[in-house]
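Residue numbers begin at 1 in each chain, while the letters A, B, ... track the order of the sequences.
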There are 2 protein chains.
Amino acid sequence: MASKIFDMFSLSEENYLKAIFHLENSLKSGVSTNALAEEMQTKASSVTDMVKRLSDKDLVNYKKYQGVKLSQAGREAAIEVIRKHRLWEVFLVEKLNFNWDEVHEVAEQLEHIKSEKLTNELDKFLDFPERDPHGDPIPDAQGNFHISNRVLLSNLGVGETGICIGVKDSSAEFLQYLDKHDISLGKKIVVIEKEDFDKSMLIKLDDQELRISSQISANLYIKTL
Amino acid sequence: MASKIFDMFSLSEENYLKAIFHLENSLKSGVSTNALAEEMQTKASSVTDMVKRLSDKDLVNYKKYQGVKLSQAGREAAIEVIRKHRLWEVFLVEKLNFNWDEVHEVAEQLEHIKSEKLTNELDKFLDFPERDPHGDPIPDAQGNFHISNRVLLSNLGVGETGICIGVKDSSAEFLQYLDKHDISLGKKIVVIEKEDFDKSMLIKLDDQELRISSQISANLYIKTL
DNA sequence: AAATAAATTTAGGCTTACCTAAAAAATTGA
DNA sequence: TCAATTTTTTAGGTAAGCCTAAATTTATTT
């Protein structure tokens with residue numbers, strides 16, 4: 001990871017880098033101006049503006065009409081922000097009694113605090129967590145993600161069993177649904193039945209059975225046993 | 001304390017409010033444009049600019065050529081920022097192994113994080129500390145300072161004894177001087193000798209005797225026994 | 001009470017990060 | 001293929017928060 005001498009990037013630049021990182025990962029391709037505008041909740045012309053600035057700083061590779069890709073430096077910066085975001089989420093949930101659906105907004109602010117010592121001491125204080133409260137992996141100080149083979153619950157077949165290790169959708173609404181039905185990270189899930197027509201599932205969770213729609217099963221990450 | 005609906009103030013506005021608060025307290029009067037410019041490390045014309053904006057929002061009372069005073073709302077906002085700053089300093093020192101001369105810069109960033117829940121949970125997590133690592137009082141959630149009668153060491157007479165409870169100058173240089181000579185909050189200090197000429201003092205600290213200049217004694221707060 | 005000096009404000013500019021509207025390029029599809 | 005549509009960029013504007021230089025007000029001195 002390149003050294004950070006001063007406050008290197010503005011809050012807005014960091015948010016763009018993070019957004020590009022997420023889009024590259026989910027789209028598995030370069031990121032279009034419109035996609036970025038959608039992600040950033042802003043206008044395409046604002047994106048073009050910012051993307052040019054990021055390009056001037058060599059944080060992204062940009063060619064007119066062809067979208068952006070992160071450069072190595074840009075990717076490192078994005079990962080650093082994501083690392084901080086996820087560490088703060090762990091802190092909020094584990095130390096300050098936040099619920100997993102309450103942490104995002106505050107972590108969005110905390111992720112921009114600039115202090116290498118702070119980040120690394122926080123990491124140590126939290127005992128080097130590997131995942132945030134939604135099950136997303138936390139990059140280490142070198143920017144390496146601890147990757148594990150996870151699948152979506154919707155991909156399991158009848159009779160298969162797994163442990164819930166994360167969520168794809170981490171909106172407050174979805175997280176509250178999970179809370180209400182007692183689904184949390186670490187829970188064992190057995191697929192009892194699968195409906196062909198609408199892809200809904202009957203699952204076993206502790207001792208109860210629960211019927212869930214495909215929207216639920218397609219947003220729960222599972223580690224198979 | 002008035003309710004905070006959204007992100008009420010910008011980072012810059014908060015810094016100005018904080019600076020005005022500190023200057024009002026030390027000057028015990030209204031704050032001049034130049035004094036504010038000096039405190040904010042900026043130009044007088046920039047101060048006039050900002051002071052007008054703060055005045056439009058009724059955070060300060062401002063009349064041309066006559067300096068500013070905080071309004072009630074402005075004072076509350078300033079105190080809230082100071083509360084957060086000092087709570088974060090305690091967190092950094094007590095939980096993350098920061099030294100008391102390293103916390104300021106990071107706390108300057110953390111003090112602007114907006115989340116009432118975060119602030120209050122942090123307060124609880126730290127067990128409602130009354131003072132920050134430099135001995136400055138931490139306002140409670142209602143904005144009340146816990147005030148105690150403290151004096152500067154330079155005001156003690158020969159033979160008098162007190163407990164070190166804070167520093168007036170909290171620059172890294174001064175704090176490092178104190179570390180080097182083993183002076184820390186809570187230490188008992190006895191004044192053995194006082195030099196009329198240069199106001200230097202011979203003090204007893206644990207079992208050692210130490211000669212300190214008036215620049216030191218005029219920057220150490222003492223609670224007399 | 002002028003004259004000078006100091007403090008403060010105004011005027012005009014700059015950068016960042018956003019916006020709308022219009023132009024240009026790329027894509028789609030008849 | 002070429003016209004219509006969509007995507008992207010350009011042009012020009014705005015607000016916050018800073019700047020310098022010039023003007024104005026207040027304070028100080030003689």
Engineer: L59(B) has an atom CG; how far is it from atom C1' of dA16(D), in whole Å?
Structural biologist: 15 Å
Engineer: Would you find a donor on one side and an acceptor on the other, under 3.5 Å apart, between the side chain of R83(A) and the backbone of P139(A)?
Structural biologist: yes
Engineer: Does a side-chain N or O of K64(A) approach OP1 or OP2 of dT10(D) to a distance below 4.0 Å, or not?
Structural biologist: yes
Engineer: For the pair made of OH in Y62(B) and C1' in dT8(C), what is the distance, rounded to whole Å?
Structural biologist: 7 Å
Engineer: Run the side chain to side chain donor-acceptor pair (under 3.5 Å) test against Q176(B) and tell me which residues pass, sequence neighbours left out.
Structural biologist: D101(B)
Engineer: For F9(B) and dA16(D), what is the distance between atoms CZ and P respectively, to the nearest whole Å?
Structural biologist: 15 Å
Engineer: What side-chain donor-acceptor pairs closer than 3.5 Å can you find for residues 44-68 of chain B, not counting sequence neighbours?
Structural biologist:
| from | atom 1 | to | atom 2 | distance (Å) |
| --- | --- | --- | --- | --- |
| T48(B) | OG1 | A44(B) | O | 3.2 |
| K57(B) | NZ | E13(B) | OE1 | 3.4 |
| K57(B) | NZ | E13(B) | OE2 | 2.7 |

Engineer: Can you pull the ring-ring contact (aromatic ring centres under 6.0 Å, His included) pairs that have at least one residue in residues 111-155 of chain A, sequence neighbours excluded?
Structural biologist: none
Engineer: Counting only non-hydrogen atoms, which of residues 12-24 of chain B are less than 4.0 Å from DNA chain C?
Structural biologist: none
Engineer: Each nucleotide in nucleotides 19-25 of chain C should get exactly one letter: B, S or -. Can you fill that in based on protein heavy atoms under 4.0 Å?
Structural biologist: BBB---S
Engineer: Please identify each residue that fulfils salt bridge (charged side-chain N to carboxylate O under 4.0 Å, His left out) with K95(B), with sequence neighbours left out.
Structural biologist: none
Engineer: Send over the distance from L54(A) CG to dT16(C) C1', rounded to a whole Å.
Structural biologist: 12 Å
Engineer: Can you pull out every side chain to side chain donor-acceptor pair (under 3.5 Å) where at least one residue sits in residues 24-34 of chain A? Sequence neighbours excluded, please.
Structural biologist: E24(A)-R75(A)
Engineer: Going by salt bridge (charged side-chain N to carboxylate O under 4.0 Å, His left out), name the residues that satisfy it together with K117(B), two or more places apart in sequence or in a different chain.
Structural biologist: E102(A)
Engineer: Just to verify, what does K18(A) make a salt bridge (charged side-chain N to carboxylate O under 4.0 Å, His left out) with, not counting sequence neighbours?
Structural biologist: E108(A), E111(A)
Engineer: Compute the angle between the rotation axes at the two ends of the helix from dA1(C)-dT30(D) to dA30(C)-dT1(D), each taken over five pairs, rounded to 10 degrees.
Structural biologist: 10°
Engineer: Judged by each residue's nearest nucleotide on DNA chain C, which is more toward the 5′ side, N34(B) or R53(A)?
Structural biologist: N34(B)
Engineer: Rounding to an integer number of Å, can you tell me how far D56(A) CG sits from dT16(C) C1'?
Structural biologist: 13 Å
Engineer: Ignoring hydrogens and angles, state whether a donor on the side chain of W100(B) or D179(B) is under 3.5 Å from an acceptor on the partner side chain.
Structural biologist: yes
Engineer: Which part of the nucleic acid, if any, lies within contact of T33(A), taking any heavy atom under 4.0 Å across all strands shown: a base, the sugar-phosphate backbone alone, or nothing?
Structural biologist: sugar-phosphate
Engineer: D198(B): what forms a side chain to side chain donor-acceptor pair (under 3.5 Å) with it, not counting sequence neighbours?
Structural biologist: S200(B)
Engineer: Between P on dT8(C) and CE on M50(B), what's the gap in Å once rounded to a whole number?
Structural biologist: 18 Å
Engineer: In this structure, how many angstroms lie between the P atom of dC18(D) and the NZ atom of K52(B), rounded?
Structural biologist: 15 Å
Engineer: Once salt bridge (charged side-chain N to carboxylate O under 4.0 Å, His left out) is applied, do any residues pair with E38(B), and if so which ones, sequence neighbours excluded?
Structural biologist: none
Engineer: Please determine whether a side-chain nitrogen or oxygen atom of T48(B) lies at a distance below 4.0 Å from atom OP1 or OP2 of dT10(C).
Structural biologist: no
Engineer: Please test L36(B) against V31(B) for side chain to side chain contact (heavy atoms under 4.5 Å, CB included), starting from the C-alpha separation and ending with a verdict.
Structural biologist: CA-CA 7 Å; L36(B) 238 189; V31(B) 174; 3.9 Å; yes
Engineer: How many Å lie between CG on L36(A) and P on dT7(D), as a whole number?
Structural biologist: 15 Å
